[in-house]
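Heads up, the thing below is written out as structure tokens.
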Amino acid sequence: MLPLSDETYKIISKFFFKEGNKETTITHKSHPHQLTLVDAGQTYITPPPPPTFSRTTDGFIDLCNACTKPIMDTMSFYMCTYACDNFMLHEWCTRLPAELKGHPGHPQHTLLLLPKVLYKGNDVDLFRCSACMDHCNGFLYNCDKCNFNIDVSCAFTHEVKHSSHPHLLSRVRYRPIIKDYCRMCLVSFRYSETSLTCKLCAFHIHPECGLLFPKTIRHKYDKHPMTLTYGPVENHGGDYFCEVCEEEFNPNAFFYHCQECQQSIHLGCVPLDPKRKAYIYGLCREGVSRCFRNIKFGGLKTIRTSHRHSEFRLLYGTESDGPCNHYCDVLLEDFMILKCQLCEHVMHLGHIISLP
């Protein structure tokens, strides 16, 4: 099982997955301390989450600092020996190739793997991915000559064979001539948004819709595994109602279904880890958290500002954070924010750095 789903396993395993003995401890250029292996299913003490960070799903541990995708308790991973700042890497992310040659997104130059972006004055390590155009603070593949940066997930998902469609899907920057929508979530594409597109059909899906969700889940409302379903179920009579919230939903959007019990759960009620929950929340509120889907929040940063303290956490603003204390007095909800660790000072990130 890989960071996104079993769909992703087929795509990126050929690049860096190798069977073999795993080292109990390793050193990695991305972190100053030794990293300790935690095998899949191994019991360990979870470090306390930073403020506003929630663990809402059984099995979810944290986000990987390399790919910024979920680490589940079914996966092997490495964590800092001192548990500093919740630094964790999927086991396979410690073996990402150091360079990519002939990448379809930038074939003219070799791309080098970097643990963080090297922009001067960018104390929060944010970059904008040249493929999906979202901000990210994980590892990246970089061409310094062309200022080309691509996040780890985009680097290995330029072509996808997806179970929702019979043809190969290619990652493209979507520039719709006419208004079109994702065939999985039914949400319209924004201008220049990235899509996985069939070059033979008018079929497009969001990369996250296609790669972020597991094929099967377990739920207390059904004794069988529930399968990810991409449209109306054959021989299903009547309307579709979610077993959790009991509300009717559109079966043309993807949902989870048990064929034996004829029970369904729409995506908003599926027990998912916070990363996937945030994405669903962003689909429901156009333009909100979708742009933060590749960011691991909670990291402690040392940033020099006009404020008397310099230790801040990068967080996702919530209603309880109230207004910005720095300049604007605008509410912080749904923004990237910096919260001082020594007092109650909190501010928009945009006041401190110009986002790339």
Side-chain angles (χ1 to χ4, degrees), residues 1-11 54 56-60 69-70 72 74 157 160-167 169 174 179-190 193-198 201-286 288-290 293:
M1 188 174 182
L2 278 154
L4 306 177
S5 68
D6 38 6
E7 293 286 352
T8 312
Y9 177 87
K10 302 170 188 174
I11 302 163
S54 60
T56 59
T57 304
D58 290 342
F60 174 76
K69 298 300 183 287
M72 308 299 289
T74 54
T157 56
V160 178
K161 184 66 178 73
H162 196 268
S163 54
S164 66
H165 192 69
H167 305 138
L169 305 180
Y174 191 76
K179 195 172 182 66
D180 212 333
Y181 61 93
C182 171
R183 295 308 195 273
M184 291 184 67
C185 68
L186 308 185
V187 172
S188 297
F189 284 98
R190 296 169 293 177
E193 188 171 15
T194 301
S195 68
L196 292 175
T197 292
C198 175
C201 317
F203 183 91
H204 319 277
I205 60 175
H206 292 115
E208 288 74 19
C209 288
L211 301 175
L212 198 58
F213 299 94
K215 280 192 171 180
T216 60
I217 62 164
R218 289 274 185 180
H219 197 279
K220 63 182 180 180
Y221 280 62
D222 199 291
K223 62 182 178 181
H224 308 111
M226 304 192 81
T227 304
L228 186 62
T229 305
Y230 303 112
V233 179
E234 188 176 356
N235 298 324
H236 181 87
D239 297 325
Y240 287 77
F241 290 88
C242 175
E243 292 296 324
V244 178
C245 66
E246 299 183 347
E247 299 221 356
E248 188 176 359
F249 65 88
N250 185 347
N252 291 304
F254 64 145
F255 60 97
Y256 284 90
H257 183 74
C258 174
Q259 188 66 42
E260 294 188 50
C261 301
Q262 289 297 304
Q263 294 192 134
S264 304
I265 299 178
H266 89 288
L267 216 57
C269 288
V270 172
L272 299 170
D273 59 70
K275 187 74 172 183
R276 289 157 172 149
K277 279 290 187 187
Y279 177 67
I280 295 303
Y281 172 77
L283 284 175
C284 298
R285 297 182 64 186
E286 186 69 24
V288 180
S289 27
R290 293 173 69 184
R293 55 198 171 197

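Atom set for the values below is all heavy atoms of this structure, side chains included, hydrogens, waters and symmetry mates excluded. Computed from a prediction, not measured in an experiment: that's the story for all the values here.
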Give the ring-plane orientation class for His204 versus Phe189, where under 30° counts as parallel, over 60° as perpendicular and anything between as tilted.
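His204 vs Phe189 ring planes: perpendicular.
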Is there side-chain contact between [X] and [Y], with at least one heavy-atom pair below 4.5 Å?
X	Y	value
Ser164	Arg183	no
Pro251	Val233	no
Phe254	Cys185	yes
Cys269	Glu243	no
Phe241	Glu248	yes

From CA spacing to verdict: side chain to side chain donor-acceptor pair (under 3.5 Å), Ser264, His257
CA-CA 4 Å; Ser264 304; His257 183 74; 2.6 Å; yes
To the nearest 0.5 Å, what is the distance between [atom1] on [X] and [atom2] on [Y]?
X	Y	atom1	atom2	value
Thr229	Ile265	OG1	CD1	11.0 Å
Cys258	His224	SG	NE2	5.5 Å
Met184	Leu228	CE	CG	5.5 Å
Gln262	Tyr240	CD	OH	8.0 Å
Gln259	Met226	CD	CE	11.0 Å
Ile205	Ser195	CD1	OG	9.0 Å

In sequence, state the C-alpha distance, the side-chain angles, and the governing distance for Asn250 and Leu186, and then conclude on side-chain contact (heavy atoms from CB on, under 4.5 Å).
CA-CA 9 Å; Asn250 185 347; Leu186 308 185; 3.4 Å; yes
For His162 and Gly210, work out which heavy atoms get closest and say how close.
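Heavy atoms only, the tightest pair is NE2-O, 2.7 Å.
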Take a 6.0 Å sphere around CD of Glu247 and say whether it holds more than 12 heavy atoms from other residues, nucleotides or ligands.
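Check fails, neighbour count at 12 or below.
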Is it true that a side-chain atom of Lys215 and a backbone atom of Ser163 form a donor plus acceptor pair closer than 3.5 Å?
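No; judged by distance alone, with no hydrogens or angles, the pair does not exist.
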Tyr256-His266 aromatic ring centre distance below 6.0 Å
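No.
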Centroid separation under 6.0 Å, is that true for the rings of Phe255 and Tyr230?
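Not close enough - the centres of the two rings lie 6.0 Å or further apart.
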Yes or no on side-chain contact (heavy atoms from CB on, under 4.5 Å) for His206 and Val187, after CA distance, side-chain angles and deciding distance?
CA-CA 9 Å; His206 292 115; Val187 172; 4.2 Å; yes
